[in-house]
Amino acid sequence: MPESPAKNLVSDTWSQPLKPPQAVPKVADIVIIGGGIVGVSTAWFLSKQGVSVVLCEKGHIAGEQSSRNWGWVRQQGRDIRELPMMIDSMRIWQGLADEIGEDVGFTQAGCLFAAKDDKQLAVFHEWLAVARDHELDTVVLSREKLMTKVSSAAADWRGAMYTASDGHAEPHKATSAIARAAQRNGAAILVSCAVRGIETSAGKVSSVVTEHGRIRTSTVLCAAGAWSSMFCRSLDIALPQLQVRGTVTRTVPGPDVLDGCLFDERIGIRRRQDGGYTVAHGTILDHAITPSTFRHCFKFLPALRQEIKGLRLRIGRDFIDEWNTPKKWDLDKASPFEATRVLDPEPNKHVVDGIQRNLGIVFPQLKGIEIAEAWAGMVETTPDIVPIIDSPGSIPGFHVATGFSGHGFGIGPGAGKAVAAMMTGGDPGLDLRPLRLQRFFDGSPIRPQASI
Ligand SMILES: Cc1cc2nc3c(=O)[nH]c(=O)nc-3n(C[C@H](O)[C@H](O)[C@H](O)COP(=O)(O)OP(=O)(O)OC[C@H]3O[C@@H](n4cnc5c(N)ncnc54)[C@H](O)[C@@H]3O)c2cc1C
């Protein structure tokens, strides 16, 4: 791959040297574990209420999924269990840059799901009823109308689902900007500060143990992304979660073929602020089989059936690594979270080749365009592909917001607002019961309604 002359690499987010905190607050109303978009948005909403909040991030703010994603801020095609939160999130995105005084690269340039055949178009038509119920501006476009939104695109499209009010933002900017806004409001944002575990007193949360010392608190949020299941397991809380690796690329600036986002089973593409495109494969995800795969396999069968076409399964080193990772550890010694500061999987080279090939087929004007950067991110998913937002109950004061299943960037600010309300006894303004952890254990049917 050619060396990129571009500055401001996406990988700058997680490859800069880390400075451990000089001091860790001794006490806080709320401690948040994880500096992804969900953790920082929650910290921001709490800080606006004047709550004293400390956020601990083991690596960099947005070092994992929250800088590595495609940047889509999408309502279209979502599961109805998370759609109201996403619509609220869209309202937050609309005013975000003005409120925090920083550019986050947000624009409402629309989202297209292209269909190659009438069967796909029929599925899109069905979703229009959901859109109507939620007062969304989603429409199904004929091929002719679709062609007015893109230039020189694939010859085989029959039409598309389109939501003009959908948008995108720049992931490598947005999460850090929200973290800085929370910090300006008084939140303590600590990087290079892994949380090893929590301590309880009379069964309730009494402190959080970080690698740099204890923080006395009665309320904790686990927003630890791909690490949430492991963290919860160390507290004897079962949280079904598996990981899939998504490979992403960014091109150098190129000809204008679309303004917003477009999904086709061959590529997912969006226009970037720098004039290039963020492009991924439309369907291929890698899953490394680990002991967790076996532990959760029955709950994940419906998702597996749905995603099998694009899933590349392999077994290797990851199985042994997870097998050798302790399930519990002494809080006075280094934990597995310090051992992997940043989960930085290698991009799949075959997928990068496939992306380049497919890009030239779908948008002939972009054929041969230089790929400036390729990276991968570990998507964490739940069995029904919607998040878990809950206060599990076995440890009063402990809360989780995780499992955003490949859709958490767009919904992150809305989730942060709802989670902040949930933890402070306010009104989240939404029904969070469909997102409760117990749905995976109380006999409720596990039915994914959308894809990863
Ligand atoms: C390739 C890819 C493409 C995607 N595309 C989109 C998209 O276009 N649109 C969209 O809406 N979503 C997308 N997503 C999903 C989205 O990025 C995630 O759902 C979202 O970023 C999750 O945010 P989070 O805060 O829950 O987790 P993360 O961003 O993963 O943050 C969790 C943080 O917790 C930290 N942590 C973990 N354990 C500890 C500990 N013990 N102590 C301290 N810190 C800890 C981690 O270091 C990490 O930084 C995509 C994801 C990927 C990987």
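Counting starts at 1 for both ligands and their atoms, following the listed order. The model shown is predicted, which means the values in this text are computed figures rather than measured ones. For the numbers below, each heavy atom of this structure counts, side chains included, while hydrogens, waters and symmetry mates do not.
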**Message:** Determine whether a donor-acceptor pair (N or O, by modelled atom type, separation under 3.5 Å) exists between the side chain of Arg436 and the backbone of Arg433.
**Reply:** yes
**Request:** Within a distance under 4.0 Å of any heavy atom of His407, pick out the atoms of ligand 1 and give their elements.
**Result:** 10 (C), 11 (O), 12 (N), 15 (C)
**Fill in**
of all protein heavy atoms, closest to atom 31 (O) of ligand 1 is Gly36 CA, 3.3 Å
**Prompt:** Counting heavy atoms only, which part of Trp70 comes closer than 4.0 Å to ligand 1: side chain, backbone, both or neither?
**Reply:** both
**Asked** Strictly under 4.0 Å, does any heavy atom of Ile37 approach an atom of ligand 1?
**Response** yes
**Item:** Contact with ligand 1 for Gly406, non-hydrogen, under 4.0 angstrom
**Value:** yes
**Nearest neighbour in protein (non-hydrogen) for atom 49 (O) of ligand 1** = Glu57 OE1, 2.7 Å
**Side-chain ion pair, Arg180 and Glu102, N-O less than 4.0 Å** = yes
**Request:** Could you say whether the N/O atoms of Ala401 and ligand 1 ever approach to under 3.5 Å?
**Result:** no
**Prompt:** For ligand 1, which atoms, with element, lie under 4.0 Å from some heavy atom of Ser66?
**Reply:** 20 (C), 21 (O), 23 (O), 25 (O), 28 (P), 29 (O)
**Request:** Identify whether the distance between the nearest side-chain nitrogen and carboxylate oxygen of Glu346 and Arg245 falls below 4.0 Å.
**Result:** no
**Asked** Should you measure from each heavy atom of Val248, which atoms of ligand 1 turn up under 4.0 Å away?
**Response** 1 (C)
**Fill in**
Correct closest heavy-atom pair for Cys111 and Phe113 would be SG-CE2, 3.9 Å
**Side-chain heavy atoms of Val220 within contact of His399, under 4.5 Å** = no
**Prompt:** Do ligand 1 and Ser405 have nitrogen or oxygen atoms that lie under 3.5 Å from each other?
**Reply:** no
**Request:** May I ask which of Asn69, Val40, Thr210 has a heavy atom nearer to atom 6 (C) of ligand 1 than the others do?
**Result:** Asn69
**Message:** Any nitrogen or oxygen of Trp72 lying under 3.5 Å from a nitrogen or oxygen in ligand 1? Just yes or no.
**Reply:** yes
**Prompt:** Just wondering, do Asp384 and Asp79 contact through their side chains at under 4.5 Å, heavy atoms?
**Reply:** no
**Message:** Quick check on contacts: which atoms of ligand 1 are under 4.0 angstrom from a heavy atom of Ala194?
**Reply:** 42 (N), 43 (C)
**Prompt:** Run the salt bridge (Lys or Arg N to Asp or Glu O under 4.0 Å) check on Arg341 and Glu64 step by step: do they pass?
**Reply:** CA-CA 10 Å; Arg341 287 270 162 217; Glu64 298 192 349; over 6 Å; no
**Request:** Could you tell me whether Glu322 and Arg317 have a side-chain N and a carboxylate O separated by less than 4.0 Å?
**Result:** no
**Prompt:** Near Val379, which atoms of ligand 1 are under 4.0 Å from a heavy atom of that residue?
**Reply:** 51 (C), 52 (C), 53 (C)
**Per-atom contacts of ligand 1 with Gly225, taking only distances under 4.0 Å to non-hydrogen atoms** = 27 (O), 30 (O), 32 (C)
**Complete:** Nearest non-hydrogen protein atom to atom 11 (O) of ligand 1, with distance, is Gly410 N, 2.7 Å
**Asked** Considering only heavy atoms of Gly408, which atoms of ligand 1 have at least one such atom less than 4.0 Å away?
**Response** 10 (C), 11 (O), 12 (N), 15 (C), 16 (C), 18 (C), 19 (O), 20 (C)
**Message:** Does the plane of the ring in His296 sit parallel, tilted or perpendicular to the ring in Phe300? Use 30° and 60° as the thresholds.
**Reply:** tilted
**Message:** Among all the protein's non-hydrogen atoms, which is closest to atom 41 (N) of ligand 1, and how far away is it?
**Reply:** Val195 O, 3.0 Å
**Message:** Any nitrogen or oxygen of Arg341, side chain or backbone, less than 3.5 Å from one on ligand 1?
**Reply:** no
**Request:** Could you tell me whether Lys116 and Asp264 make a salt bridge, using a distance below 4.0 angstrom between a side-chain N and a carboxylate O?
**Result:** no
**Request:** Over 60° means perpendicular and under 30° means parallel, so classify the ring planes of Phe337 and Trp227, tilted if in between.
**Result:** perpendicular
**Item:** Pair Glu211 + Arg196: basic N to acidic O under 4.0 Å
**Value:** no
**Item:** Option set Lys58, Arg78, Glu64, criterion heavy-atom distance to atom 43 (C) of ligand 1, minimum
**Value:** Lys58
**Prompt:** For ligand 1, which atoms sit closer than 4.0 Å to a heavy atom of Gly377?
**Reply:** 53 (C)
**Request:** Could you label the plane-to-plane angle of the Phe263 and Trp72 rings as parallel, tilted or perpendicular, counting under 30° as parallel and over 60° as perpendicular?
**Result:** perpendicular
**Request:** Using a 4.0 Å heavy-atom threshold (strictly under), name the region of Ala280 that reaches ligand 1: side chain, backbone, both or neither.
**Result:** neither
**Message:** Can you check which of Ile33, Ile32, Val73 brings a heavy atom nearest to atom 40 (C) of ligand 1?
**Reply:** Ile33
**Prompt:** N/O of Met378 under 3.5 Å from N/O of ligand 1, yes or no?
**Reply:** no
**Asked** In the protein, what heavy atom is nearest to atom 24 (P) of ligand 1, and what distance, to one decimal place, separates them?
**Response** Val38 CG2, 3.9 Å
**Prompt:** With under 30° as parallel and over 60° as perpendicular, where do the rings of Phe106 and Trp93 fit, or are they tilted in between?
**Reply:** parallel
